[in-house]
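The chains referred to below are lettered A, B, ... by the order of the sequence lines, with proteins before strands, and numbering in each begins at 1. Side-chain atoms are counted along with the backbone in the values below, which use heavy atoms only and exclude waters and symmetry mates.
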There are 2 protein chains.
Amino acid sequence: MTKPQKMAAKATENAAKATAPVQNKRAAVLSAALGLFSRFGLHGTSVDQVAARAGVSKSNLLYYFANKEELYVCVLRELLEVWLAPLREFSAEQDPQQAITDYIRRKLVVSRDSPDASRLFCLEMIQGAPLLKGELAGELRGIVEHKSAVIQGWIDAGRLAKVDPEHLIFMIWATTQHYADFAVQVQALTGKTLADPAFFEQTVANVQAVVLKGVGVR
Amino acid sequence: MTKPQKMAAKATENAAKATAPVQNKRAAVLSAALGLFSRFGLHGTSVDQVAARAGVSKSNLLYYFANKEELYVCVLRELLEVWLAPLREFSAEQDPQQAITDYIRRKLVVSRDSPDASRLFCLEMIQGAPLLKGELAGELRGIVEHKSAVIQGWIDAGRLAKVDPEHLIFMIWATTQHYADFAVQVQALTGKTLADPAFFEQTVANVQAVVLKGVGVR
DNA sequence: GTCTATAACGAGATAGAC
DNA sequence: GTCTATCTCGTTATAGAC
């Protein structure tokens with residue numbers, strides 16, 4: 001088995017049977033790569049920089065990842081799960097007000113705790129999502145259609161005001177991700193970051209308040 | 001006067017006394033550059049690509065702009081005005097509901113007609129706004145503080161619900177720019193773009209409805 | 001002002017010793 | 001698995017003729 005084949009196999013198997021130290025190295029590289037790619041993009045980041053940040057040599061990095069693009073794709077793959085997780089939990093069994101309240105908080109927690117993931121996702125979208133277009137049209141679309149139907153059900157039952165469910169979802173995504181993607185702007189204008197607990201709670205409360213009132217039936 | 005000096009002078013004078021054909025070329029290059037930088041970033045775009053798109057040779061382009069970074073900065077400078085214009089019009093003399101209604105529409109018009117500008121602005125923010133930080137802390141901050149005071153005045157007068165003005169402004173920015181920056185995602189999930197007149201009006205109506213109701217006093 | 005040719009450099013990727 | 005050395009290519013930027 002040649003090296004690239006081994007690597008490809010490892011990637012598809014989710015690296016199930018690799019040894020622990022190898023996993024640590026891969027994880028370190030992926031984490032370093034996320035941090036840099038999310039700020040400077042694929043072309044704005046050199047393999048050298050990623051290697052340095054991860055504490056490995058460039059050629060060693062290229063032993064684990066066949067080339068820069070493969071590394072980038074691996075990072076994106078991990079990313080998508082982080083990004084999708086909060087949406088999956090959005091449930092039809094809950095009270096609509098509570099479901100929206102919880103969803104907004106979960107998304108803001110991601111913006112606070114994984115701003116890198118949010119930013120790289122945004123970067124990818126801006127560039128036309130060359131590598132995520134497939135997932136968008138497939139998995140994400142399925143989930144969104146399902147959640148939209150749930151929201152539409154609430155509206156038909158008179159539990160929410162008449163809004164287009166997809167626009168409501170976009171609005172929640174936009175307002176919550178804004179605090180990660182435009183963190184510099186938020187900081188320049190308010191002096192605060194989501195890392196500040198008081199500001200975080202204030203943000204959660206404001207977004208929840210406007211959205212809930214905006215779609216409320218009362 | 002050496003070439004770089006001439007160029008720098010031309011840039012600062014706003015190219016007031018340059019001849020028309022020269023202006024056309026500069027404009028063509030700037031426009032081509034905006035289109036490419038906004039998709040692929042500074043490092044993802046080559047001078048060659050910009051030149052080709054603008055219909056000039058690479059070395060000719062480098063006659064007008066001393067180097068790639070200067071070109072990038074020129075593009076950003078133009079950008080900021082496009083981005084700020086709708087906010088400047090946000091007026092204290094209007095009825096609050098009307099002011100917010102109009103502002104949302106204006107921002108969505110920009111998202112529809114200048115998605116490149118919106119995307120490049122977003123790219124710059126994601127990267128930490130190395131070149132716009134100054135403007136953010138200065139001019140933008142001043143305008144935002146002023147507009148926030150206006151909103152606070154409306155709240156104190158009981159004409160709007162109690163919201164933090166800055167979060168309201170962020171919410172409007174986020175929801176409206178989303179349709180430009182995440183256009184691929186919006187298209188993948190709805191099949192539509194703001195270029196579609198019906199979808200545009202539907203978007204305007206939805207955003208206005210939720211925000212207005214969300215901050216309304218009734 | 002515009003062109004062709006080319007210098008100079010950075011960065012991705014590979015070869016091969018250990 | 002990890003390293004050093006090196007090849008190769010794309011890209012920026014300049015030199016200099018017209």
Side-chain angles (χ1 to χ4, degrees), chain A residues 1-11 13 15 17-30 32-33 35-37 39-76 131, chain B residues 1-11 13 15 17-30 32-33 36-37 39-75 131:
Chain A
M1 224 184 199
T2 67
K3 190 185 103 185
Q5 285 171 330
K6 272 202 327 225
M7 287 297 110
K10 209 178 270 180
E13 288 165 13
K17 51 193 171 199
T19 58
V22 165
Q23 279 312 294
N24 290 343
K25 257 198 181 174
R26 276 186 70 93
V29 170
L30 285 168
L36 290 164
F37 286 151
R39 275 234 173 277
F40 311 111
L42 173 62
H43 300 289
T45 305
S46 73
V47 175
D48 247 337
Q49 289 173 304
V50 177
R53 192 188 240 211
V56 303
S57 72
K58 178 170 69 159
S59 40
N60 194 205
L61 188 158
L62 288 167
Y63 173 78
Y64 286 97
F65 299 90
N67 53 51
K68 191 174 152 181
E69 285 214 347
E70 183 187 303
L71 171 60
Y72 188 73
V73 172
C74 286
V75 172
L76 276 190
L131 294 156
Chain B
M1 224 184 200
T2 66
K3 192 185 98 184
Q5 285 172 328
K6 270 201 334 222
M7 288 296 109
K10 210 177 270 178
E13 287 164 15
K17 50 193 169 197
T19 58
V22 165
Q23 278 313 293
N24 290 342
K25 258 199 181 175
R26 277 186 70 94
V29 170
L30 285 167
L36 289 164
F37 286 152
R39 276 235 172 276
F40 311 110
L42 172 63
H43 300 290
T45 304
S46 75
V47 175
D48 245 339
Q49 290 173 304
V50 177
R53 192 188 242 213
V56 303
S57 73
K58 179 170 66 162
S59 40
N60 194 205
L61 188 158
L62 288 167
Y63 172 79
Y64 287 96
F65 299 90
N67 53 52
K68 191 172 149 180
E69 286 215 346
E70 184 188 302
L71 171 59
Y72 188 75
V73 172
C74 286
V75 172
L131 294 156

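Atom CZ of A:F65 is separated from atom P of C:dT14 by 16 Å (rounded to the nearest Å). Note: OH (A:Y63) to C1' (C:dG16) measures 15 Å, nearest angstrom. If you measure from atom CG of A:N67 to atom P of D:dT8, you get 19 Å, rounded to the nearest angstrom. Atoms NZ (A:K68) and P (C:dG10) sit 15 Å apart, rounded to a whole Å. Straight-line distance from the CG atom of A:L62 to the C1' atom of C:dA11: 11 Å, rounded to whole Å. In this structure, A:R26 places its CZ atom 11 Å from P of D:dG1, rounding to the nearest Å. What separates CG of A:N60 from C1' of C:dC18 is a distance of 14 Å, to the nearest Å. The distance between atom CG of B:L36 and atom P of D:dT11, rounded to the nearest whole Å, is 13 Å.
Of the residues in residues 43-50 of chain B, those with a non-hydrogen atom less than 4.0 angstrom from any atom of DNA chain D are B:T45, B:S46, B:V47.
Annotation for A:R26 and A:Y64: closest pair NH1-O, 3.6 Å, computed over non-hydrogen atoms. Here the closest non-hydrogen pair linking A:L36 and A:T45 is O-OG1, 3.3 Å.
Using a 4.5 Å heavy-atom cutoff, the side chains of B:L131 and B:Y72 are in contact. At least one side-chain heavy atom of B:L71 sits under 4.5 Å from a side-chain heavy atom of B:L30.
Note that CZ of A:F37 and CD of A:Q49 are 9.5 Å apart. Values are rounded to the nearest 0.5 Å. Here B:F65 contributes atom CZ and B:N60 contributes atom CG; the two are 11.0 Å apart, rounded to the nearest 0.5 Å. Here the CG-NZ distance, from B:L61 to B:K68, works out to 11.0 Å after rounding to the nearest 0.5 Å.
Under 4.0 angstrom from either OP1 or OP2 of C:dC3 there lies at least one side-chain N or O belonging to B:S57. Distances shown here put a side-chain N or O of B:K25 below 4.0 Å from the OP1 or OP2 atom of C:dT2.
Interface remark: the A:S59 side chain does form a donor-acceptor pair with the D:dT4 base, using a distance-only criterion of under 3.5 Å.
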